[in-house]
Amino acid sequence: MVINILLPKYWNMGLIVTLAIVLLHSEGLLHNILFLVGASSPEEIDESVIERYEAIAEHPLEINLSGREKLSRSGLLTRYQAASILDYRSRCGDILSLEELSMVDGFSEDYAKALSPFVSFSSRSAPGSLRDSLRIKGSIEGKASIKSGGRYSYGVKSKLSRGENFEAGIAARRSYEGEWKGSGNLTMSGRKWLGKAIIGDFNARFGQGAAQWSGFYMTSISALSSLVRRPTGISPVTSYSGDGTHRGVAAVFEGGRYSVSTFFSLEGLKEKMEGANMRITPYGGVDITYYGKKGECGISGLSKGVISTNGRWSSKGVDYYSELSYSFKGSSAAGIGGFSTRMGKYLKGGLRLRAFPSSYTGKKNGEYSSALSLEFSSGKYVPIKGRTGFGSSEISNTASVSVEASLLPIPSIDPERRMIKTVIIWKTRISPSFSIAFRGVDSRRTYDPKKRTDIRSDMMYSNGSISCCLRLNTVYTGIFSFLSYIEGGYVKDRFRVYGRAALFKADSWEGRLYCYERDAPGNFSVPAYYGTGYALSLFVGGPVGKGRLYLRLYGSNTKEKPGKAELKVQYVRSF
């Protein structure tokens, strides 16, 4: 249940007080999500990403009890990593800890740390493990909202699963405007050649996305890991929005080292069922992928007249990836290719090239881009106060530089349309209690807005249960904008409290600032700060009864607009 109350304009103190019992939206989980998707900040991702990883954290991936298909479609692993886990299990038995996982081919200590909230080491050799893996698991969530003026919104989400054999999920939400959005599916897995079958909403993600990639993906380079996409094949979707997904039927068939994925959907059906006036168009495709010891390769064909080949492989410490696609309709080809490698003990680097003519995409502009990313790690570790065991230390210094140069021509209008974007990230842990993070993004274009420089620093202190963060964020687009906040937190067992005080000033829309705000699960928020104002916030977290309770009171005030506030209450029960 979520209740939102938007206070009227007489809230003129600009006070934001947020009461939130938050378990999943901790800094630790968010940091792990950013690492896995290759983003440098929450502002680069969207609600569907957070929602998917929250669902996995609710029911972690059982890496010892899952087959190749479930390991791959989780989105946590590349198909090569999934194959490495299966090979390790066949030779050495089940993986029983994060430390052991970090030693499996294709993994590292940092990657294993990032997976910690999302994986389970349940073992077949443990008493009762088989029975536990076959029991029904699920969750149910309800929320409702009301604003001043009598507008209201509500939604419900429920998921059920039984091992790898059966999954079902449904989510629906009514907006304040009376529009309905949601998704749902029924997924069944086979025992032999049938990997799984899905009826309902699903994602189809093959290769590097040149031919087929539904749902969210990183649109620009911000770190080395964002150079390459992690295909998940066919995977079910249960989210409040379901934007960009397919609605239809899909199946995956497996045999030896081969996997065949096929789907049929009705484009526009989802939007039409939600009340939009859309034309329904049949759409289908098939993908055949071969898994080898050093990588994988595949071929995809789509009913829109597109055929594509893709591959990922490793050779002598270098990871390569590529995809070449051809559109018969546009009589045009598109391609993606690149590599990443370790360049000595402390340095890693990667390069990516993209070519997408407008005749291939059907959009008004094409894209020809090259991206280079370098990542440095000092190799020295500093312990983190208040933590013990694996993951209780952090590399003292890490830094990365990513540069992306793009030609974005609009034929016959602006064939020389260009952009260059530079991202610099530096993190240092000065002591077991104190660390600093710096992020700078500079974009230069031949079109408006022609320049934007975003510089951000976060100074963080932690002393066991107590933490504090000071952010300073400046944007320059010809004039300066700024946002600054200080946030303190207290964590004890499963109880946590966070409080925030913020100031911001942005006199131009081009200079607006984006800042991720904590919220209950399924309520991802990255608002644009514009105008002159200030804010306070408070988060409180812990379990209530057999579920989790989330509370949030939000209010804001700027010189240009009346003050406002918002209250939320949400309860989630897992079983």
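None of the values given here were measured: they were computed from a predicted structure.
- A salt bridge does not link Lys159 with Glu167: every distance from a Lys NZ or Arg NE/NH1/NH2 to an Asp or Glu carboxylate oxygen is 4.0 Å or more.
- Note on ring orientation: taking the six-membered ring where Trp is involved, the planes of Phe339 and Tyr320 are tilted (angle from 30° to 60°).
- With hydrogens and angles left out, the side-chain atoms of Thr238 and Asn185 include a donor and acceptor closer than 3.5 Å.
- Geometrically, Arg229 engages Trp213 in a cation-pi contact, judged by NZ or CZ lying under 6.0 Å from the ring centre and within 45° of the ring axis.
- Shown here for Ile234 and Ser261, the closest heavy-atom pair between the two residues is CG1-CB, 3.8 Å.
- Salt bridge status for Glu267 with Lys304: present, with a side-chain N to carboxylate O gap under 4.0 Å.
- Counted within 6.0 Å of CZ on Arg91, heavy atoms from surrounding residues, nucleotides or ligands total more than 12; the atom is thus considered enclosed.
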Ring pair (Phe, Tyr, Trp, His ring centres under 6.0 Å) evaluation trace for Tyr283 with Phe264: CA-CA 6 Å; Tyr283 177 51; Phe264 175 81; 9.1 Å; no

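- Atoms CD and CG, on Glu274 and Leu269 in that order, are 9.5 Å from each other to the nearest 0.5 Å.
- Using modelled atom types, one finds no donor on one side chain facing an acceptor on the other under 3.5 Å when comparing Ser235 with Asn203.
- Using bins of under 30°, 30° to 60° and over 60° for the plane-to-plane angle, the ring pair Phe202/His246 lands in the parallel bin.
- Summarising the geometry of Ala371 relative to Leu227, their closest heavy-atom pair is CB-CD2, 4.0 Å, with the distance given to 0.1 Å.
- Remark: Glu296 does not engage Arg230 in a salt bridge, criterion side-chain N to carboxylate O under 4.0 Å.
- Between Arg573 and Glu141 no salt bridge is recorded (no basic side-chain N to carboxylate O distance below 4.0 Å).
- Only one option out of Pro231, Ser308, Ser259, Ser300 pairs with Asp287 in a side-chain contact (heavy atoms from CB on, under 4.5 Å); it is Ser300.
- Side-chain contact annotation: Asn365 with Ser358, donor-acceptor N/O pair under 3.5 Å absent.
- Between Ser222 and Ala39, the shortest heavy-atom contact is OG-CA, 3.7 Å.
- Ring geometry, Tyr326 versus Phe328: the interplanar angle exceeds 60°, so the pair is classed perpendicular (tilted spans 30 to 60°).
- Residues Leu71 and Ile63 approach most closely at CD2-CA, 4.0 Å, considering heavy atoms.
- When side chains are defined from C-beta on, Tyr290 counts as touching Cys297, because their heavy atoms get closer than 4.5 Å.
- Checking Leu86, Val119, Leu61, Ile85 one by one against Ser66, the side-chain contact (heavy atoms from CB on, under 4.5 Å) holds for a single residue, Leu61.
- Cation-pi geometry between Lys143 and Tyr240 is satisfied (NZ or CZ under 6.0 Å from the ring centre, within 45° of the ring normal).
- Applying the 6.0 Å contact sphere to CZ of Phe495 captures more than 12 heavy atoms from other residues, nucleotides or ligands.
- Checking each of Ser332, Ser331, Ser325 against Tyr360 for a side chain to side chain donor-acceptor pair (under 3.5 Å) leaves exactly one that passes, namely Ser325.
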